[in-house]
Amino acid sequence: MATAPNKQRMMDAFKRAQADIASLADWIECELDKYDDDDEVTWASVGSLESVREQLVETLAFFSGVEQSEIKRSLDELHM
């Protein structure tokens, strides 16, 4: 069992990580909003988004314990 000061540091670190992840998700959404204008889309931007998507799938698989193939299947179902 963690001591009280150690538990408090652990909970502070946990809450900070949660808040940072939420802020990063918001930041990603802001970046995605930059591509609302079709004139700004290039193959370079497509490649960047596909790379980010792949990294997010990897991150979600790590975080959730769900296989990457299952996450990708779920994403594919959204587009059927």
Side-chain angles (χ1 to χ4, degrees):
M1 181 182 227
T3 63
N6 189 39
K7 182 167 179 136
Q8 184 60 50
R9 282 196 320 266
M10 178 181 63
M11 291 307 299
D12 290 346
F14 182 82
K15 289 177 183 179
R16 169 66 190 263
Q18 279 185 314
D20 286 352
I21 290 168
S23 293
L24 290 166
D26 289 344
W27 195 348
I28 288 172
E29 189 167 347
C30 289
E31 290 299 313
L32 291 172
D33 288 344
K34 289 181 180 180
Y35 293 102
D36 283 343
D37 186 355
D38 290 339
D39 294 336
E40 294 182 20
V41 175
T42 65
W43 281 112
S45 58
V46 171
S48 293
L49 288 175
E50 288 176 340
S51 178
V52 169
R53 178 182 59 203
E54 187 63 31
Q55 292 172 23
L56 288 171
V57 167
E58 291 172 7
T59 300
L60 182 57
F62 170 78
F63 186 61
S64 67
V66 175
E67 293 291 326
Q68 288 185 36
S69 59
E70 182 65 22
I71 295 168
K72 289 176 182 179
R73 187 189 62 74
S74 293
L75 291 173
D76 288 343
E77 288 178 357
L78 294 173
H79 300 285
M80 292 181 162

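All values derive from a computational prediction rather than experimental measurement.
Linking Ile, Leu, Val, Met, Phe, Trp and Tyr residues whenever their side-chain heavy atoms come within less than 4.5 Å leaves Met80 and Leu75 in two separate clusters.
Put simply, OG on Ser48 and CZ on Arg53 are 12.0 Å apart, with the number rounded to the nearest 0.5 Å. To the nearest 0.5 angstrom, Leu24 atom CG is 11.5 Å from Glu31 atom CD.
Annotation: side chain of Leu60 is not in contact with side chain of Val66 (no heavy-atom distance under 4.5 Å).
Crowding of Glu29 atom CD: a count of heavy atoms from other residues, nucleotides or ligands under 6.0 Å not exceeding 12.
Nearest approach of Val41 to Val46, heavy atoms of both residues: CG1-CG2, 4.2 Å.
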What verdict does the side-chain hydrogen bond (donor to acceptor under 3.5 Å, both in side chains) test give for Gln55 and Thr59, after you've listed the backbone C-alpha separation in whole Å, the side-chain angles of each residue and the deciding distance to 0.1 Å? CA-CA 6 Å; Gln55 292 172 23; Thr59 300; over 6 Å; no
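Look at Asp20 and Arg16 and you find a salt bridge, because one of the NZ, NE, NH1 or NH2 atoms lies within 4.0 Å of a carboxylate O, short of that distance.
Hydrophobic clustering, defined by side-chain heavy atoms of Ile, Leu, Val, Met, Phe, Trp and Tyr closer than 4.5 Å, groups Ile28 together with Leu32, Leu49, Val52, Leu56.
Applying the salt bridge (charged side-chain N to carboxylate O under 4.0 Å, His left out) test to every pair with at least one member in residues 61-75, sequence neighbours left out, gives these pairs: Glu54-Lys72, Glu70-Arg73, Arg73-Glu77.
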